[in-house]
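As structure tokens, the structure follows; a few thoughts come after it.
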Amino acid sequence: MIYLDNNATTAIDPAVAAAMAEEYSLGPANASSQHAVGRAAAQRMDDAVQRIGVSLGCDFSLPGGPRLILTSGGTESNNLALAGLGGPHSPLLVSSLEHASVLAFAQRSEKNGRRVFYAPATCDGVVDVDAFTDQLHQASRLADVLPVVSIMSANNETGVIQPIESISSVCRAAGASLHVDATQSFGKVPFDVKSIDADAITVTSHKFHGPAGVGALWLAPGVSLEPQFFGGEQQLTTRPGTEPVALVIGMAIALQLAVDNQSVACQRMSQLRDHLEAQLFDAIPDLLIHGSSATRLPSTTCVSFPGVDRQNMLMALDLAGIACSSGSACSSGSSPPSHVLQAMRAEDWAIRSAIRFSVSRLSTMQEVTQAIELICRVYNRLRSGSIVEN
Ligand code: PLP
């Protein structure tokens, strides 16, 4: 199987798997237990959190400094940020390009009476900063509580990098809290949590060759988060529950490798992605690449194949030995039309036929070259028998 679905999840780096296996071999590890075994586990976990701090350029041991709330992954971190920053009546402003974990939270909040704004995107898949600014000013005038904003650093479907610095300046000027969903950025592009000037940032380990089921919410100095779970003293009661020590250790090592290898990885992924796009274009000149005129993650391409249905293409590629996706992983089971491409005002045919390929630093040129041949073969076969019109 040629794995080109790395925006959905990545293979665990062997060094990460080895460190986790070693941790599991040490026996029980409840970092809240008072006995020596528990205290040792707590020490190993604290070391891992400090290691994450080094990778992010922060010191989590400083009183009044930034904090790291450990979570089960990106979905939880996003929900925690949206629910816990501001108050239940703070107006919420998200972009129409966000991941389902943000949009579904926003829609539910709206049903419960919270005022929600959805910032539009340009046709290139970038949040429209002027429209965003107008909406934020409207939101600020609405209530006596300040708005909460959530914007992703890079889109998971198109790879388009979002104008976080501009968004952050607008939020600061309006006094709004800013949460950044940086799920897709770590290890792919330079991403400095401190210079972004956000209140909270989502991290999830399985997108950068760490284990699934663990992530974090970085909190800027002085930012407090209203707890959403109750019943334990862990993490100063902000997010109670027994910490998964081995997963946290795995995330720490994966993040360190991601940050240390980022520039080489970025070059390598760009080379693979650009080769894939160039060769597909040569073979299928009426192909459409979404967001290609914007700055994108080096790993990602979202391609519409004229005249075929994305679900048929996905299944045929699967049978041919290529793993890729139509839309984001969480929606690909039922595959509703991509809300991201809709927000970009893509034409219907393009939405119907869009497939996402995503490489990682572990992908190879041999895999990509083989994939190009298979994709073209599958496409030509489907197109010749296609019932979907342009
Ligand atoms: N945010 C973005 C942009 C994502 O791409 C994803 C996963 O695809 C998530 C959030 C959810 O992360 P997790 O799978 O760790 O819950």
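As the structure lists them, so they are numbered: ligands from 1, and atoms in each ligand from 1.
Here the rule is side-chain contact (heavy atoms from CB on, under 4.5 Å) with His179, and of Asp199, Ile151, Leu217 only Leu217 fits it.
In terms of N/O distances under 3.5 Å, ligand 1 is not approached by Gly73. For ligand 1, the polar-atom distance check against Glu76 finds no nitrogen or oxygen pair separated by under 3.5 Å. Below 3.5 Å of separation, one finds no N or O of Ser101 facing any N or O of ligand 1.
Arg114 has no carboxylate O lying under 4.0 Å from a charged side-chain N of Glu110, or vice versa, which leaves the two without a salt bridge. Salt-bridge check for Arg383 with Asp286: passed, with a basic side-chain N closer than 4.0 Å to an acidic carboxylate O. By the 4.0 Å N-to-carboxylate-O rule, Arg361 lies close enough to Asp13 to be salt-bridged with it.
Checking side-chain atoms of Ser96 against main-chain N and O of Ala119 turns up a donor-acceptor pair under 3.5 Å. No side-chain donor-acceptor contact under 3.5 Å links Glu23 to the backbone of Ile249.
Heavy atoms of Thr75 found under 4.0 angstrom from ligand 1 belong to the backbone as well as the side chain. Here Asn155 has no heavy atoms under 4.0 Å from ligand 1, in either its backbone or its side chain. Proximity of Glu98 to ligand 1, defined as any heavy-atom pair under 4.0 Å, is not found for any part of the residue.
Using a 4.0 Å cut-off to heavy atoms of Asn78, the atoms of ligand 1 that qualify are 1 (N), 10 (C). Interface atoms of ligand 1 facing Lys207, defined by a heavy-atom separation under 4.0 Å, are 6 (C), 7 (C), 8 (O). The His206 neighbourhood of ligand 1 comprises atoms 13 (P), 14 (O), 15 (O), with distances under 4.0 Å to a heavy atom of that residue. Contact atoms of ligand 1 toward Thr204: 15 (O) (distance under 4.0 Å to a heavy atom of the residue). Less than 4.0 angstrom separates some heavy atom of Met152 from each of these atoms of ligand 1: 3 (C).
The aromatic rings of Phe208 and Phe186 stand perpendicular to each other, their planes meeting at an angle above 60°, with 30° marking the opposite boundary.
Within the model, atoms CD of Glu157 and CG of Asn7 stand 9.5 Å from one another, a figure rounded to the nearest 0.5 Å.
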